[in-house]
**Student:** 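My structure is below; once you've seen it, I'll send some questions.
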Amino acid sequence: MNAKYIRLSILLLCFLGIRASAQNELTGKVYNRINNSPVTYATVYIEDLKIGAVSDSEGVFSLKRIPEGTYLVSIHSLGYALMTQIITVKGTIMKDFALSPSDMMMHGVVITGNSRATDIRQTPQPITEVSNEYLNENSATNVIDAIAKTPGVSAMTDGQSISKPFIRGLGYNRVLTLNDGVEQMDQAWFDEFGIEADPDAVYRAEILKGPASLAYGSDAIAGVVNLIPEQPLPEGQRQGDVLMNYQTNNGLINNMVHLAGTQNGISWSARVDNIMAHAYHDPEDGYVLNSQFSNFNMDGTIGIHRKWGFSQIHASYFDMATGIVDGTRDSATGIMEKQVSYPGLNGGAPTYVIPTNQELTSYTPLVINQRIRHTKLVWDNSISVGDGRITGTFSYQKNQRQETNDPTQPNTPDIYYLSNAATYDLRYISAQMGGFNFSAGVNGAYQQSQSLGTVMLVPNYNFFQAGAFAIGNYQYRRLTVSGGIRYDERTFTGDSHWIDTTNVAQAPVPPNTPGSFEEFTQFTTHFSGLSASLGATYNLTKTLYIKGNIAQGYRAPNVEECGAYGVHDGTVIYEIGDPSLKPETNLEEDFTFGVNAKDVSFEVNVFNNSISDFIYRKGLLNSAGQDSVSNLLSVGGTLFPNAPVYMYTQGAAQLYGGEGMIDIHPAAIPWIELNSTISFVDGGLLNVPDSIRYIPFVPPTRITADLTFHVKKIGKGIRNAYVRAGVLSEFQQNHVYLGEAAATGLNTAQTPFEYAASQASTAGYTLFNAGLGGDIQSKGHTLCKVYISGTNLANTAYIDYMSRFKYYPYNYADGKVGVFNMGRNISIKIIIPFDFSVKKS
């Protein structure tokens with residue numbers, strides 16, 4: 001018997017060896033559908049395997065080292081419409097692709113929220129793709145700003161360096177950000193904490209609107225922002241590019257060098273860049289003092305691609321120093337003042353002085369500033385198993401966030417959070433079985449955070465989350481059905497913390513020390529949630545389609561909501577968290593109708609989002625019915641006296657609205673294109689007083705319109721040129737959260753003008769924008785790509801509703817409240833590509 005088993009084992013190993021050594025290859029020709037001429041430099045790419053090939057002068061391509069299986073293959077070349085096709089690869093497959101000439105890119109391949117790469121037309125949930133072309137042609141100062149004008153998306157801003165993504169009126173821990181394929185593990189719960197992502201390293205972005213908890217667990221209850229890096233180069237290519245960008249308003253300088261290549265199945269890339277800007281300028285405030293920032297980034301990737309799949313390692317480092325704007329002004333001139341501490345002035349106590357002209361245009365933040373560092377290591381794998389595959393993505397992330405607020409101690413951060421985190425995602429992706437495929441797996445995260453500063457807003461904490469899920473897809477003729485189910489568990493622990501209240505330093509002390517106060521009480525909470533989704537797409541005709549989706553999402557409370565106990569230094573209110581809070585759950589219905597025709601593309605999405613146990617801050621009242629205040633952290637009545645007390649609570653909420661897009665591109669006059677979008681969201685808390693009915697930072701209605709003229713050739717030296725003129729109109733927001741006053745320390749006695757502004761509607765505005773660009777060529781080779789864009793060309797003075805500066809101190813010189821957004825800005829961007837591939841003899 002033993003000899004028999006040995007022989008069977010040897011036969012099995014031989015069979016597996018023969019199977020593993022079998023070569024799978026996709027080869028063929030890419031040609032013009034109209035005249036059958038070969039299409040050169042067409043890219044044939046398999047997103048799920050991160051491999052591709054480029055067609056030669058005869059249109060011939062060859063993709064090798066493909067694991068056996070079924071994949072979505074995308075084929076694209078400049079001047080042709082994107083083509084996608086599902087192909088089963090087993091052995092050598094010969095396949096030709098006929099591309100249709102077109103300058104429009106009306107659909108693409110998406111990966112967010114799906115078990116595998118999918119044609120965007122087959123996804124039931126609304127997904128918006130932000131292309132690399134869009135990112136290059138439109139100027140921004142950070143990566144979230146760059147995508148914030150897409151339908152359904154907005155950004156809460158804290159100056160020009162920090163922006164937080166909002167989707168359909170919800171943000172913070174309700175929107176999950178993916179970067180380099182993994183969840184960004186930072187401190188998303190706080191107003192002044194942005195997304196640590198290098199804009200130069202983002203090749204494109206996908207925004208999934210609506211609950212995505214099915215694929216990603218907690219924190220994706222409102223949607224996902226997926227920041228996607230560039231694809232590995234096709235076999236045999238070595239390329240690089242140098243980017244230079246200058247902006248006139250803030251003196252922004254961005255320099256970047258990037259190199260990449262693939263040889264014998266080994267792919268690699270490396271990048272280093274630096275972005276810096278001085279204070280931005282607006283027509284009301286002049287230079288906005290201390291809005292300057294500098295940002296250094298570097299990243300690198302190395303991967304191996306074989307017939308069994310691929311494995312790659314990516315490392316990145318993000319380092320930003322940014323000033324903090326407080327809006328304090330000189331009462332006579334309205335000029336913003338800086339906070340300083342001089343030994344010979346007021347005995348060294350903090351005071352305000354008018355800055356010099358040099359300080360207004362300095363690239364170095366002043367003494368009140370933030371420094372944010374984020375280090376990340378990602379290991380991404382895909383291994384063939386039969387006709388399916390197993391994928392595993394793991395990351396380690398270290399986040400360091402320091403905030404210095406005391407000019408008497410310029411090099412000592414008051415707030416310093418150090419976070420160490422790990423994420424994991426392990427799943428099986430099945431083979432294609434007729435029209436059906438599925439994926440199943442587990443993913444989650446661990447995070448441990450501690451405070452190393454002198455002020456603590458939340459306790460030291462750690463949490464562990466695990467979730468199991470299954471997602472299925474079925475396609476039958478013109479119908480595609482997708483759905484799945486998921487279960488999550490999260491354990492959250494907050495640590496006890498005692499402080500000395502007998503001195504201003506409030507240093508940590510052992511428990512029950514005389515004169516001490518337990519700022520944070522130890523607690524452990526367990527959260528669980530069930531998520532599910534079911535949706536379908538149906539092609540009514542070749543050009544008309546409909547989509548419908550219903551999804552239930554889940555979100556566990558964050559550290560501020562369940563653990564805060566003390567004064568919030570940025571708003572000077574006393575916050576009390578509640579560890580007994582329940583997880584939020586929501587049920588969202590989405591419906592989409594679209595047209596994708598030769599001359600016009602049109603899509604409209606409508607949604608209704610019902611949220612149970614929605615978490616929000618509520619002001620507490622004392623026995624006399626007045627605002628409750630706390631002096632627990634007041635030392636001698638000078639530190640935080642009479643801080644309004646707010647406690648986190650829960651209730652029902654509802655948001656509803658939609659987005660629309662129309663793109664007119666007549667085939668008879670292909671050089672002209674008109675694109676327009678609209679975004680609308682409304683709603684709020686249910687069964688509450690009108691003063692707190694509306695949720696803060698729900699954006700007003702927004703309309704955009706852009707007219708573009710495409711010019712394929714200008715003389716001998718310019719190709720793929722464009723000229724664009726556009727308008728962005730933001731409506732007045734009348735549904736204002738009236739509790740914003742107390743929540744930001746405003747009152748009728750000390751800040752009457754700011755208080756009045758917080759109770760009034762926020763005015764709308766209209767901005768005019770324009771842009772032009774093209775490729776500069778010589779002898780058929782691109783020397784550089786030039787992008788020139790102008791925003792707010794009329795230099796309109798406005799304050800965006802999503803700006804945290806809108807209720808900043810009153811300007812006695814002009815009688816206006818708040819700090820205004822950026823004025824006229826011209827961006828000039830030049831990208832110099834180069835190729836150092838080894839040419840075949």
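Model, not experiment: these values are computed from the prediction.
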**Student:** Is the backbone of Phe527 close enough, under 3.5 Å, to the side chain of Arg490 for a donor and an acceptor to pair up by distance?
**Tutor:** no

**Student:** Whether the side chain of Glu206 engages the backbone of Ile111 through a donor-acceptor N/O pair (distance < 3.5 Å, no angle test) should be reported.
**Tutor:**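 Between the backbone of Ile111 and the side chain of Glu206 there is a qualifying donor-acceptor contact (under 3.5 Å).
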
**Student:** Test of understanding: with side chain to side chain contact (heavy atoms under 4.5 Å, CB included), list the residues that count as partners of Phe591, not counting sequence neighbours.
**Tutor:**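 Here the qualifying residues are Ile546, Phe593, Val606.
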
**Student:** Applying side-chain contact (heavy atoms from CB on, under 4.5 Å) to Val30 and Met83, what does each step give before you reach the verdict?
**Tutor:** CA-CA 11 Å; Val30 184; Met83 179 183 182; over 6 Å; no

**Student:** Assess, by modelled atom type and distance only, whether the side chains of Asn596 and Ser601 contain a donor and an acceptor separated by less than 3.5 Å.
**Tutor:** yes

**Student:** Using a 4.5 Å cut-off on heavy atoms from C-beta on, say whether the side chain of Gln465 contacts that of Tyr446.
**Tutor:** no

**Student:** Testing the 3.5 Å rule here: is there a donor-acceptor pair between the side chains of Asp590 and Gln125?
**Tutor:** no

**Student:** Any ion pair linking Arg271 and Asp200 (charged N to carboxylate O, less than 4.0 Å)?
**Tutor:**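 The answer is no: the pair does not qualify as a salt bridge.
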
**Student:** Could you give the distance from OG1 (Thr84) to CZ (Arg121), rounded to the nearest 0.5 Å?
**Tutor:**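 Going from OG1 on Thr84 over to CZ on Arg121, the span is 5.0 Å.
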
**Student:** Which atom names give the shortest non-hydrogen contact between Gly484 and Leu214, and what distance separates them?
**Tutor:**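 Nearest pair, atom of Gly484 first, then Leu214: C-CD1, 3.4 Å.
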
**Student:** Is the backbone of Gly309 close enough, under 3.5 Å, to the side chain of Ser382 for a donor and an acceptor to pair up by distance?
**Tutor:**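 Side chain of Ser382 to backbone of Gly309, a donor-acceptor pair under 3.5 Å: no, none is there.
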
**Student:** Counting only N and O atoms by type, is there a donor-acceptor contact under 3.5 Å from the side chain of Asp488 to the main-chain atoms of Gly529?
**Tutor:**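 No, because the side chain of Asp488 does not come within donor-acceptor range (under 3.5 Å) of the backbone of Gly529.
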
**Student:** Quick one: side chain to side chain contact (heavy atoms under 4.5 Å, CB included) partners of Lys149, sequence neighbours excluded?
**Tutor:**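 For Lys149, the residues satisfying side chain to side chain contact (heavy atoms under 4.5 Å, CB included) (neighbours in sequence not counted) are Tyr134, Arg702, Leu728.
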
**Student:** Donor-acceptor pair, Lys164 side chain versus Ala188 backbone, under 3.5 Å?
**Tutor:** yes

**Student:** Measure from the side-chain N and O atoms of Asp425 to the backbone N and O of Asn443, and report whether any donor-acceptor pair falls under 3.5 Å.
**Tutor:**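 Such a contact is absent between Asp425 side chain and Asn443 backbone.
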
**Student:** Arg478 side chain to Leu540 main-chain N or O, any donor-acceptor pair under 3.5 Å?
**Tutor:** yes

**Student:** Testing Glu47, Arg389, Gln85, Arg116 for side chain to side chain contact (heavy atoms under 4.5 Å, CB included) with Tyr71, which one passes?
**Tutor:** Arg389

**Student:** Taking Gln447 for the side chain and Asp186 for the main chain, is one N or O donor matched with an acceptor at less than 3.5 Å?
**Tutor:**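 Here the side-chain-to-backbone pair exists.
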
**Student:** Quick check: do Lys64 and Glu235 have side-chain heavy atoms less than 4.5 Å from each other?
**Tutor:** no

**Student:** Any Lys/Arg nitrogen of Glu196 or Lys376 sitting under 4.0 Å from an Asp/Glu carboxylate oxygen of the other?
**Tutor:** no

**Student:** Is atom OH of Tyr203 surrounded by more than 12 heavy atoms (other residues, nucleotides or ligands) closer than 6.0 Å?
**Tutor:**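 Counting neighbours around OH of Tyr203, 12 or fewer heavy atoms of other residues, nucleotides or ligands fall under 6.0 Å, so no.
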
**Student:** Does the structure place the NZ or CZ of Arg168 under 6.0 Å from the centre of the six-membered ring of Phe607, at an angle of no more than 45° from the ring's axis?
**Tutor:**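 The answer is yes, since Arg168 meets both limits relative to Phe607.
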
**Student:** Within the distance-only criterion (no hydrogens, no angle test), does the side chain of Thr677 pair as donor or acceptor with the backbone N or O of Pro151 below 3.5 angstrom?
**Tutor:**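 A pair under 3.5 Å: no.
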
**Student:** Near Trp308 CH2, under 6.0 Å, is it more than 12 heavy atoms from other residues, nucleotides or ligands?
**Tutor:** yes

